[in-house]
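Encoded as structure tokens, the structure appears first; notes follow it.
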Amino acid sequence: MGTYRKERIVHTKEEGSIVDLTQWVEDCISSSGIGQGLVCVMARHTTAAVTIMENEPGLQGDTRRALERTFPKDAAYAHNASEGDGNGHAHIRSTVLGQSVTISFDKGRSDLGTWQSVVLIELDNHGRDRTVILQLTGE
Amino acid sequence: MGTYRKERIVHTKEEGSIVDLTQWVEDCISSSGIGQGLVCVMARHTTAAVTIMENEPGLQGDTRRALERTFPKDAAYAHNASEGDGNGHAHIRSTVLGQSVTISFDKGRSDLGTWQSVVLIELDNHGRDRTVILQLTGE
Amino acid sequence: MGTYRKERIVHTKEEGSIVDLTQWVEDCISSSGIGQGLVCVMARHTTAAVTIMENEPGLQGDTRRALERTFPKDAAYAHNASEGDGNGHAHIRSTVLGQSVTISFDKGRSDLGTWQSVVLIELDNHGRDRTVILQLTGE
């Protein structure tokens with residue numbers, strides 16, 4: 001039985017950037033020497049999301065458009081009035097999408113299906129450096 | 001300390017089908033011989049969701065209607081234009097609802113409350129066979 | 001390797017109340033004597049959410065307003081017609097936001113970033129007593 005963890009800085013280019021973490025997750029599972037268990041991937045931020053999607057260009061745009069339709073950037077946000085950083089929409093989107101995701105793994109590979117990718121989505125109104133933590137427990 | 005896992009194929013009848021996994025989750029916890037820990041249930045798919053709800057007929061319909069109001073099937077999806085399978089809406093809904101859920105258990109039972117059920121929701125535009133993985137860690 | 005758990009009753013004052021659980025989570029991690037692993041916090045209810053946000057008054061209101069815009073209280077819910085408790089909207093919001101959250105910890109502290117708080121959001125149409133379970137696994 002054991003645990004294993006890694007930290008990684010992810011640079012995002014701009015609002016809506018989607019960074020694929022899948023290969024990194026697989027590499028960490030493989031490197032851990034732990035055969036079977038759970039792996040949690042989380043961003044240490046309230047204006048980014050860590051989630052699972054089919055990561056192809058069409059859906060990247062569809063996701064950005066669905067977020068804008070549902071939680072518009074130019075709605076009235078009290079956070080913007082008090083903080084002045086114009087990212088109220090990013091906070092709401094981040095809470096809805098989630099800032100961490102937990103999946104299982106076995107025999108040194110994640111249980112992600114063929115089309116599932118673990119991604120970080122930049123929701124803030126500019127690119128940033130994001131800290132991502134990966135933590136495994138299992139045996 | 002230990003781990004335990006099960007795989008299951010879930011057949012969904014049609015778009016919007018909701019399959020209750022709660023009794024299966026309880027049976028797995030009980031069979032595992034692990035007293036206390038975490039259990040993750042995930043679908044290996046990007047057009048289905050695994051989530052928690054009160055699973056009664058009224059809310060099943062309410063959930064389908066809320067998803068249609070919020071992420072309409074007939075919006076313009078780039079994924080549909082490039083892939084031609086007409087399920088762009090299903091991908092967005094799946095990412096928002098989540099494809100895995102993690103809960104705790106103790107003394108051989110989950111911590112789910114009286115009204116909480118773990119369910120798989122078919123979001124694609126037709127019934128399919130879905131692979132679900134359950135993974136426990138604990139002691 | 002080990003596990004640790006705590007149960008807590010959280011009293012919410014009214015619909016939309018947001019109760020910060022962050023310090024309690026940190027205290028539990030510290031008390032557990034487990035150095036590194038995963039911690040899951042879940043509500044045993046289908047009309048409340050456990051999620052992560054920057055917990056400041058502006059965003060508290062923004063979150064309530066975004067939920068009302070997206071999943072309105074006065075939409076037609078079959079659950080309300082059959083159950084008569086007027087909280088169909090709360091069920092939908094709870095399933096979308098999530099009833100449990102899993103994060104990692106190391107050296108006796110969670111990996112939450114500076115602005116991240118674990119919160120319980122009351123989504124039902126009146127204040128209630130809510131049971132929250134915290135479960136750690138790690139070593």
Side-chain angles (χ1 to χ4, degrees), chain A residues 1-3 18 22 34-42 49-71 92-107 109-119 121 135-139, chain B residues 1-7 34 37-51 66-67 69-72 75-85 87-104 124 128 130-139:
Chain A
M1 198 71 195
T3 61
I18 295 178
T22 312
I34 302 174
Q36 181 182 114
L38 300 180
V39 53
C40 173
V41 182
M42 67 180 278
V50 175
T51 188
I52 300 176
M53 65 182 289
E54 180 182 339
N55 188 16
E56 60 89 12
L59 282 171
Q60 291 180 351
D62 291 336
T63 302
R64 288 187 278 263
R65 282 183 289 271
L67 290 171
E68 175 57 26
R69 273 196 304 268
T70 313
F71 308 106
I92 304 299
R93 296 173 186 186
S94 174
T95 290
V96 170
L97 288 177
Q99 295 155 22
S100 79
V101 72
T102 299
I103 59 173
S104 50
F105 64 94
D106 187 36
K107 300 187 178 76
R109 293 195 50 164
S110 85
D111 286 317
L112 290 169
T114 308
W115 305 107
Q116 289 179 305
S117 289
V118 176
V119 297
I121 307 181
Q135 176 73 53
L136 275 78
T137 66
E139 76 172 359
Chain B
M1 197 72 196
T3 61
Y4 178 89
R5 68 188 274 122
K6 279 281 178 187
E7 181 174 324
I34 302 174
L38 300 181
V39 53
C40 173
V41 182
M42 67 180 278
R44 304 187 69 201
H45 307 280
T46 51
T47 54
V50 175
T51 188
L67 289 171
R69 275 196 303 267
T70 313
F71 308 106
Y77 294 102
H79 181 70
N80 293 355
S82 66
E83 306 292 326
D85 47 9
N87 64 1
H89 66 292
H91 284 275
I92 304 298
R93 296 173 186 187
S94 174
T95 291
V96 170
L97 288 178
Q99 295 156 22
S100 79
V101 72
T102 300
I103 59 172
S104 50
D124 214 328
R128 297 181 55 171
R130 300 305 205 167
T131 306
V132 179
I133 309 280
L134 174 146
Q135 176 73 53
L136 275 78
T137 65
E139 78 173 358

Please look at B:Ala75 and chain A and tell me whether the side chain, the backbone, both or neither of the residue comes under 4.5 angstrom of a heavy atom of that chain. side chain

Quick one: what part of B:Ser82 sits under 4.5 Å from any heavy atom of chain A, side chain, backbone, both or neither? side chain

Do A:Gln99 and A:Ser94 have side-chain atoms, one donor and one acceptor, less than 3.5 Å apart? yes

Under a 4.5 Å cutoff for heavy-atom pairs, which residue among A:Gly61, A:Cys40, A:Gly37 has the most contacts with chain B? A:Gly37

Measuring from B:Thr3:OG1 to A:Gln36:CD, what's the distance to the nearest 0.5 Å? 3.5 Å

More than 12 heavy atoms of other residues, nucleotides or ligands under 6.0 Å from CZ of A:Arg109: yes or no? no

Distance in Å, B:Ile133 CD1 paired with B:Ser100 OG, rounded so as to fall on 0.5 Å steps: 12.0 Å

Based on non-hydrogen pairs under 4.5 Å, which of B:His89, B:Glu83, B:Arg5, B:Met42 is most in contact with chain A? B:Arg5

Evaluate side chain to side chain donor-acceptor pair (under 3.5 Å) for B:Arg44 paired with A:Ser110, printing each intermediate quantity in order. CA-CA 10 Å; B:Arg44 304 187 69 201; A:Ser110 85; over 6 Å; no

B:Tyr77, part contacting chain A, at a heavy-atom distance under 4.5 Å: both

Taken to the nearest 0.5 Å, the spacing of B:Thr102 OG1 from A:Ile103 CD1 works out to 10.0 Å

Honestly, the part of A:Glu56 sitting under 4.5 Å from a heavy atom of chain B is side chain

Comparing A:Leu67, A:Thr63, A:Thr114, A:Leu112 against chain B, the one with the most heavy-atom pairs below 4.5 Å turns out to be A:Leu112

Choice from A:Gly113, A:Ala49, A:Gly58 maximising heavy atom contacts with chain B below 4.5 Å: A:Gly113

For A:Thr51, is it the side chain, the backbone, both or neither that has a heavy atom under 4.5 Å from a heavy atom of chain B? side chain

Just so I know, are the side chains of B:His91 and A:Asp62 near enough to count as touching, which here means a heavy-atom distance under 4.5 Å? no

Cut-off 4.5 Å, heavy atoms of chain A, and the answer for B:Glu7 is neither

